[in-house]
Amino acid sequence: MPKGYVVARAKVTNPTLWANYAAKASEAIKQYGGTPLVRGGQNTIAEGEGRARNVVIEFKDFESAKAYVNSPEYAAARKEREGAGEIDIVVVEGV
């Protein structure tokens, strides 16, 4: 069965609020069996518009990844992120 991934690109404008969000999101990631593969770090924009912060989280399958982003635990984390920046998040199935 293919794994599922949550891929996010973010621009952080309030690091304090973002840290609160990241802490709660990390708890939810663990609860739903996710493994962070990429969290921030150095990057180079090869094409198009990039964002300074990039995240990739691996889950055992696509359904688990969707369950995480749609969970009440992640919804609580999202509330902490309000006013902290911009983010694009997609859930994708691996090969």
Side-chain angles (χ1 to χ4, degrees):
M1 175 178 293
K3 294 189 178 194
Y5 297 88
V6 172
V7 180
R9 306 168 45 239
K11 175 183 176 185
V12 178
T13 56
N14 184 322
T16 302
L17 290 177
W18 198 274
N20 295 338
Y21 156 71
K24 284 197 174 191
S26 293
E27 292 173 19
I29 290 166
K30 288 178 192 171
Q31 185 173 347
Y32 286 83
T35 302
L37 301 178
V38 176
R39 269 196 169 159
Q42 186 174 206
N43 71 77
T44 298
I45 300 167
E47 290 187 40
E49 292 183 39
R51 297 264 178 103
R53 183 154 177 82
N54 299 280
V55 176
V56 178
I57 307 163
E58 181 180 74
F59 290 84
K60 70 177 181 176
D61 55 34
F62 184 66
E63 293 304 318
S64 296
K66 287 195 316 184
Y68 160 71
V69 297
N70 293 314
S71 71
E73 295 84 2
Y74 185 67
R78 274 196 323 261
K79 286 185 183 219
E80 297 287 332
R81 193 182 69 221
E82 291 177 11
E86 301 170 14
I87 192 166
D88 296 318
I89 299 173
V90 296
V91 180
V92 296
E93 184 176 62
V95 293

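Heavy atoms only: backbone and side chains are in, while hydrogens, waters and symmetry mates are out. Heads up: numbering here begins at 1 and tracks the sequence. Note that the structure is a prediction, hence the values are computed from the model and not measured.
A salt bridge links Arg51 with Glu86: the closest approach of a Lys/Arg side-chain nitrogen to an acidic carboxylate oxygen falls below 4.0 angstrom.
Hydrophobic clustering, with ILVMFWY side chains joined whenever heavy atoms are under 4.5 angstrom apart, keeps Ile87 apart from Val38. Linking ILVMFWY residues whenever their side-chain heavy atoms come closer than 4.5 Å, directly or via other members, places Val56 and Val92 in the same cluster. A single hydrophobic cluster is not seen to contain both Tyr5 and Phe62; linkage of ILVMFWY side chains at heavy-atom distances under 4.5 Å, directly or through other members, places them apart.
Formation of a donor-acceptor pair under 3.5 Å by the Arg9 side chain with backbone atoms of Glu49 is found in this model. Looking at Asn43, its side chain does come within 3.5 Å of a backbone N or O of Ala52 through a donor-acceptor pair.
Considering only heavy atoms from C-beta on, Val6 stays 4.5 Å or farther from Tyr74 through its side chain. Considering only heavy atoms from C-beta on, Phe59 stays 4.5 Å or farther from Val91 through its side chain. With contacts defined as side-chain heavy-atom distances shorter than 4.5 Å, the pair Trp18/Arg81 qualifies.
Among all heavy-atom pairs drawn from Lys24 and Ala77, the shortest one is CB-CB, 3.7 Å. Nearest heavy atom pair, residue Gly4 against residue Ala65, reads C-CB, 4.0 Å. In terms of heavy-atom proximity, Ala84 sits nearest to Leu17 at CB-CB, 3.5 Å. Here the shortest heavy-atom pairing between Thr13 and Gly83 reads OG1-O, 4.0 Å. Residues Pro2 and Glu93 approach most closely at CB-CG, 3.7 Å, considering heavy atoms.
Separating the CG atom in Leu37 from the CG atom in Asn54 is a distance of 13.0 Å, to the nearest 0.5 Å. A distance of 13.0 Å separates OG in Ser64 from CD1 in Ile57, rounded to the nearest 0.5 Å.
Sorted by first and then second residue, the pairs that involve residues 26-40 and meet side chain to side chain donor-acceptor pair (under 3.5 Å), not counting sequence neighbours, are Ser26-Arg39, Gln31-Glu73, Tyr32-Glu73.
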